[in-house]
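Some notes on the structure that comes next.
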There are 2 protein chains.
Amino acid sequence: MPSQYGQFCPVAKAMELLDERWTLLVVRELMLGSRHFNALRRGLPRMSPALLSKRLHTLVRAGVVERWEDGNRVTYRLTESGRELEPIVDALGRWGIRWIPELGDADLDPHLLLWDIHRNVDTEAVPDGRTVIVFSFPERATARRWWLVIAADGVDVCDVDPGFPVRVTVQADLRTLTRVWRGDLAWSEALGSGAVLLRGEPQACRALPRWLRLSSVALTPRPGGSPQPVAAR
Amino acid sequence: MPSQYGQFCPVAKAMELLDERWTLLVVRELMLGSRHFNALRRGLPRMSPALLSKRLHTLVRAGVVERWEDGNRVTYRLTESGRELEPIVDALGRWGIRWIPELGDADLDPHLLLWDIHRNVDTEAVPDGRTVIVFSFPERATARRWWLVIAADGVDVCDVDPGFPVRVTVQADLRTLTRVWRGDLAWSEALGSGAVLLRGEPQACRALPRWLRLSSVALTPRPGGSPQPVAAR
DNA sequence: CAGTATCCAGTTGGATACTG
DNA sequence: CAGTATCCAACTGGATACTG
């Protein structure tokens with residue numbers, strides 16, 4: 001039961017639902033294509049399953065999400081009402097990247113970063129056959145190496161070596177690579193300063209920034225005319 | 001201290017601030033022109049002063065609001081960052097009016113309604129001199145009559161008779177008048193059905209819907225092609 | 001006018017374990 | 001796979017009173 005503002009104002013009525021913690025992030029995950037309970041959990045690792053379940057029920061009751069059972073498989077998807085939240089979520093992302101640029105250490109998460117990157121690989125740009133990219137975060141005590149396996153049938157993330165030959169190794173600290181992903185730091189600058197190191201065939205290293213698309217808000221203009229990261233050529 | 005999502009996603013970073021209860025309603029009040037603590041309180045009657053104070057401080061720390069002391073008067077206003085939330089708040093209002101049309105009894109509040117109406121009087125359309133409109137909510141046990149005093153120097157709301165001659169009396173139940181204000185119900189329909197009764201000179205009664213502007217979201221198209229309330233001619 | 005101080009009941013949600 | 005169940009510590013915010 002979302003708490004009530006006691007106002008007939010439509011902004012207040014909208015926020016009674018949407019300002020509950022996690023709610024709009026669940027909606028964001030659904031917008032990004034997650035359809036099943038455990039897929040949603042992967043994008044929301046700090047959310048307990050009990051709470052995710054509760055939020056989904058609230059969203060279903062509010063008509064924002066529909067729950068579909070086929071057999072023993074459950075599918076969630078946005079209704080028309082939920083899809084109309086997309087411009088709002090997008091605008092919140094653009095506002096956030098402009099006005100809340102600082103990240104705390106607690107905001108960094110290699111699993112989430114790899115998960116985002118894997119969702120945005122430009123498979124057209126990657127050579128045919130299997131391409132494996134290793135991400136190495138040497139400053140970390142655990143979860144220091146991640147493998148991105150790009151093949152014809154999709155893209156996978158692993159935190160254990162799948163054993164295939166590696167085409168490129170990307171070495172950086174997690175904060176730097178996160179900033180590149182968000183568009184806070186341009187590839188060119190990160191590579192030029194040595195903050196990101198690429199190892200592998202020179203041609204593959206040169207091509208890598210085109211294989212990995214950045215966050216959808218990466219190109220949002222920043223306030224104060226700070227130099228704008230440029231997209232990969 | 002807003003709680004943390006542990007995500008670098010800019011939507012998550014934005015919501016860490018903005019999904020705290022009341023926060024976006026404070027921002028909305030500032031957008032509507034409130035500048036002082038007690039002015040904000042008038043638009044947020046169910047919010048305790050301690051909580052309003054806390055939210056304002058959080059917004060100032062986040063760079064969304066600036067606090068200005070001149071003498072012993074304190075002024076709050078939105079920064080550039082805060083002003084950039086306006087399209088988001090507007091979009092939330094349009095989404096809310098489309099997808100959360102039902103109002104509970106707890107959402108109805110004559111003081112808030114009169115306060116909204118008073119902020120939106122079209123003083124150009126009202127005859128010169130003083131015009132007093134009485135709003136009568138006969139079904140209510142308390143706060144049954146409200147006076148709107150429109151003069152050259154501004155518009156006032158009273159819940160006690162200011163003693164001036166009354167030009168028009170608007171009688172309706174609170175829910176009906178709230179629905180008219182929100183654009184859920186057209187003036188023409190409300191008057192035609194007798195749900196709203198106007199008393200006074202016929203000419204003034206005919207003109208009244210043009211004196212009172214409706215909510216800024218009143219003309220938002222509704223889903224499902226339900227008949228759209230029309231603006232006052 | 002513009003808040004602060006205090007108290008405390010109620011709610012929230014994290015952790016963990018478990019189920020059909 | 002898709003959740004429930006349970007427990008409980010922490011937080012939240014409402015009420016009320018008070019201050020410079």
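Just so it is clear: chains get the letters A, B, ... in the order the sequence lines come, proteins before strands, and each one is counted from 1.
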Next on the checklist: Please determine whether side-chain hydrogen bond (donor to acceptor under 3.5 Å, both in side chains) holds for the pair B:Q171 and B:R145, giving the CA-CA distance in whole Å, both sets of side-chain angles, and the decisive distance to 0.1 Å.
Outcome noted: CA-CA 9 Å; B:Q171 182 180 315; B:R145 291 166 67 74; over 6 Å; no
Contact under 4.0 Å: [X] side-chain N or O vs [N] OP1/OP2:
X     : N      : answer
A:R42 : D:dA2  : no
A:Y76 : D:dG3  : yes
B:R46 : D:dG13 : no
A:R21 : C:dT12 : no
A:W22 : C:dG14 : yes
B:H36 : C:dA2  : yes

Has the side chain of [X] got a donor or acceptor atom that lies under 3.5 Å from a matching backbone atom of [Y]?
X      : Y      : answer
B:R55  : B:L51  : no
B:H57  : B:K54  : no
A:R222 : A:T220 : yes

Atom pairs and distances, donor-acceptor, side-chain atoms in residues 75-82 of chain A, under 3.5 Å, two or more places apart:
{"unit_1": "A:Y76", "atom_1": "OH", "unit_2": "A:R67", "atom_2": "NE", "d": "3.4"}
{"unit_1": "A:T79", "atom_1": "OG1", "unit_2": "A:G63", "atom_2": "O", "d": "2.6"}
{"unit_1": "A:T79", "atom_1": "OG1", "unit_2": "A:V64", "atom_2": "O", "d": "3.1"}
{"unit_1": "A:T79", "atom_1": "OG1", "unit_2": "A:S81", "atom_2": "N", "d": "3.3"}
{"unit_1": "A:T79", "atom_1": "OG1", "unit_2": "A:G82", "atom_2": "N", "d": "3.3"}

What is the distance, to the nearest angstrom, from the [atom1] atom on [X] to the [atom2] atom on [N]?
X     : N      : atom1 : atom2 : value
B:L51 : D:dT16 : CG    : C1'   : 15 Å
B:R35 : C:dG3  : CZ    : P     : 15 Å
B:R67 : C:dC1  : CZ    : P     : 15 Å
B:R73 : C:dG3  : CZ    : P     : 10 Å
A:M47 : D:dA2  : CE    : P     : 16 Å
B:R41 : C:dA2  : CZ    : P     : 12 Å
A:N38 : D:dG3  : CG    : P     : 9 Å
A:E20 : C:dT12 : CD    : P     : 7 Å

Checklist entry - How does DNA chain C read in dot-bracket, base by base from 5' to 3', with Watson-Crick or G-U pairs under 3.5 Å and | used when the partner is on another strand? => result ||||||||||||||||||||
Checklist entry - How are the rings of B:W115 and B:H118 set to each other: parallel, tilted or perpendicular (split at 30° and 60°)? => result tilted
Checklist outcome for this item: Residues passing the ring-ring contact (aromatic ring centres under 6.0 Å, His included) test with A:W22, sequence neighbours excluded, are B:Y5
Checklist entry - Side-chain contact, heavy-atom cut-off 4.5 Å: A:L18 with A:L85? => result yes
Item to check | Pairwise side-chain contact, B:W147 with B:D156, heavy-atom cut-off 4.5 Å (strictly under) | outcome: no
Checklist entry - Hey, is A:E29 close enough to A:R119 for a salt bridge, meaning N to O under 4.0 Å? => result yes
List, with names and distances, any nitrogen or oxygen atoms from the protein found under 3.5 Å away from nitrogen or oxygen atoms belonging to nucleotides 4-6 of chain D.
{"unit_1": "D:dT4", "atom_1": "OP1", "unit_2": "A:H57", "atom_2": "NE2", "d": "3.3"}
{"unit_1": "D:dT4", "atom_1": "OP2", "unit_2": "A:S53", "atom_2": "OG", "d": "2.6"}

Look for any protein N or O under 3.5 Å of an N or O in nucleotides 18-20 of chain D and output each such pair with its distance, or none.
none

Per-pair distances, 0.1 Å, donor-acceptor, side chain in residues 30-44 of chain B, under 3.5 Å, sequence neighbours excluded:
{"unit_1": "B:H36", "atom_1": "ND1", "unit_2": "B:V74", "atom_2": "O", "d": "2.7"}
{"unit_1": "B:H36", "atom_1": "NE2", "unit_2": "B:R73", "atom_2": "NH2", "d": "3.1"}

Checklist entry - How far apart are the closest heavy atoms of A:R182 and B:C9, and which atoms are they? => result NH1-C, 4.4 Å
